[in-house]
> 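I am attaching a structure below and will ask some questions about it afterwards.
Every value quoted in this text rests on a predicted model; they were computed, and no experiment measured them. We're numbering straight along the sequence, starting at 1. When reading the values below, keep in mind they use all heavy atoms of this one structure, side chains included, and skip hydrogens, waters and symmetry mates.
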Amino acid sequence: MSVTKLQGRNSTPVKPNPGHRMILDILEGRARLKADAKFRLLTVESSAMCATWDIGVPLSEHQCKAYRRLIAVKFGKTISYGELARAVGSSPRAIGGAMARNPFPLIVPCHRVIGADGSIGGWSPIEGIDLKVALLAYEAQDR
């Protein structure tokens with residue numbers, strides 16, 4: 001399946017450009033993510049383009065640990081707030097806070113974090129829950 005547009009319920013479709021293709025490479029596991037020790041610089045290498053971002057916002061040590069563990073969650077997989085909390089020695093509530101402050105949704109795939117009971121939970125980027133549900137459904141499709 002090839003994605004030609006991504007849209008939420010109330011938005012206009014967007015034609016993919018290299019940045020969009022890079023996001024799809026990230027989502028589908030074709031890109032490589034590298035972060036420096038403090039997760040201040042994030043480099044994404046994909047067939048579409050290579051980009052390095054200075055995150056430009058202060059991240060706590062907790063956020064760095066949570067984001068590092070989260071970028072290891074593969075396309076089509078999810079992790080619960082509790083599982084992620086146990087992996088980094090934290091609490092589910094603190095993980096929820098870190099996800100809400102994620103400066104790079106999609107690249108740091110906070111949409112893959114769900115409730116222990118399979119509930120979707122929250123998501124703050126544009127289109128919110130609708131887009132989170134669409135992304136999880138897209139990733140869950142057989143490839």
Side-chain angles (χ1 to χ4, degrees), residues 1-8 10-116 118-141 143:
M1 175 180 172
S2 174
V3 172
T4 57
K5 64 182 180 178
L6 274 178
Q7 73 181 87
N10 299 317
S11 65
T12 305
V14 178
K15 284 188 105 176
N17 63 33
H20 297 129
R21 285 192 297 278
M22 183 178 70
I23 295 294
L24 291 172
D25 282 351
I26 292 164
L27 289 173
E28 296 179 354
R30 292 186 302 267
R32 206 164 61 112
L33 297 168
K34 296 186 300 184
D36 68 351
K38 292 285 186 183
F39 214 93
R40 298 296 190 248
L41 291 176
L42 181 65
T43 303
V44 181
E45 297 173 359
S46 79
S47 59
M49 63 190 289
C50 180
T52 299
W53 286 283
D54 178 345
I55 291 176
V57 294
L59 298 177
S60 68
E61 196 61 38
H62 177 260
Q63 285 173 291
C64 291
K65 284 184 196 176
Y67 299 161
R68 281 191 178 284
R69 174 61 185 90
L70 185 54
I71 62 176
V73 175
K74 301 293 184 198
F75 177 82
K77 304 293 183 189
T78 58
I79 188 168
S80 75
Y81 292 94
E83 290 170 322
L84 185 52
R86 283 188 295 280
V88 300
S90 183
S91 74
R93 188 174 298 269
I95 292 297
M99 297 306 106
R101 292 185 301 278
N102 178 4
F104 287 108
L106 301 178
I107 295 171
V108 175
C110 55
H111 65 280
R112 294 181 184 151
V113 183
I114 61 171
S119 60
I120 296 299
W123 208 49
S124 56
I126 296 170
E127 300 295 335
I129 298 298
D130 288 346
L131 185 53
K132 181 174 181 175
V133 168
L135 286 167
L136 291 173
Y138 172 74
E139 292 184 7
Q141 295 175 24
R143 298 265 148 222

> Name the residue from I120, N102, V73, I79 that meets the side-chain contact (heavy atoms from CB on, under 4.5 Å) definition with V113.
I79
> So which of R112, K77, K74 actually passes salt bridge (charged side-chain N to carboxylate O under 4.0 Å, His left out) with E139?
R112
> Counting distance only, does the side-chain N/O of Y67 pair as donor-acceptor with the main-chain N or O of A98 below 3.5 Å?
yes
> Atom CD1 in I114, atom OG in S80: separation rounded to 0.5 Å?
7.0 Å
> Does L33 reach the side chain of T43, with side-chain heavy atoms less than 4.5 Å apart?
no
> Tell me if a side-chain donor or acceptor on D36 pairs with a main-chain N or O of L41 at a distance below 3.5 Å.
yes
> Could you please spell out the steps behind the side chain to side chain contact (heavy atoms under 4.5 Å, CB included) verdict for M22 and C50?
CA-CA 8 Å; M22 183 178 70; C50 180; over 6 Å; no
> Mind listing the closest non-hydrogen atom pair of C64 and K38 along with its distance?
SG-O, 3.0 Å
> Does the pair M99 and R101 meet the rule for a side chain to side chain contact (heavy atoms under 4.5 Å, CB included), with working shown?
CA-CA 5 Å; M99 297 306 106; R101 292 185 301 278; over 6 Å; no
> How long is the straight-line distance from CG of D25 back to CZ of F75, given to the nearest 0.5 Å?
11.0 Å
> Under 4.5 Å between any side-chain heavy atoms of R69 and L84, yes or no?
yes
> Within a strict 4.5 Å, meaning less than it, do heavy atoms of the M49 and V44 side chains meet?
no
> Would you name the heavy atoms of A66 and I95 that are closest together and state the gap between them?
CB-CD1, 4.0 Å
> Got V133 and H111 here, is their nearest side-chain heavy-atom distance under 4.5 Å?
no
> Could you walk me through whether T52 and L42 pass side chain to side chain contact (heavy atoms under 4.5 Å, CB included), step by step?
CA-CA 6 Å; T52 299; L42 181 65; over 6 Å; no
> In Å, rounded to the nearest 0.5 Å, how long is the span from CD of E83 to CZ of R86?
6.0 Å
> So how far is it from R21 CZ to I26 CD1, rounded to the nearest 0.5 Å?
13.5 Å
> Evaluate S46 against R30 for side chain to side chain contact (heavy atoms under 4.5 Å, CB included), listing each step before the verdict.
CA-CA 7 Å; S46 79; R30 292 186 302 267; over 6 Å; no
> If I compare all heavy atoms of S91 with all of A85, which pair ends up nearest, and what's the gap?
C-CB, 3.4 Å
> Please round to the nearest 0.5 Å and tell me the distance separating atom NZ of K132 and atom SG of C110.
7.5 Å
> Working to the nearest 0.5 Å, report the span between CD of E61 and CZ of F39.
11.5 Å
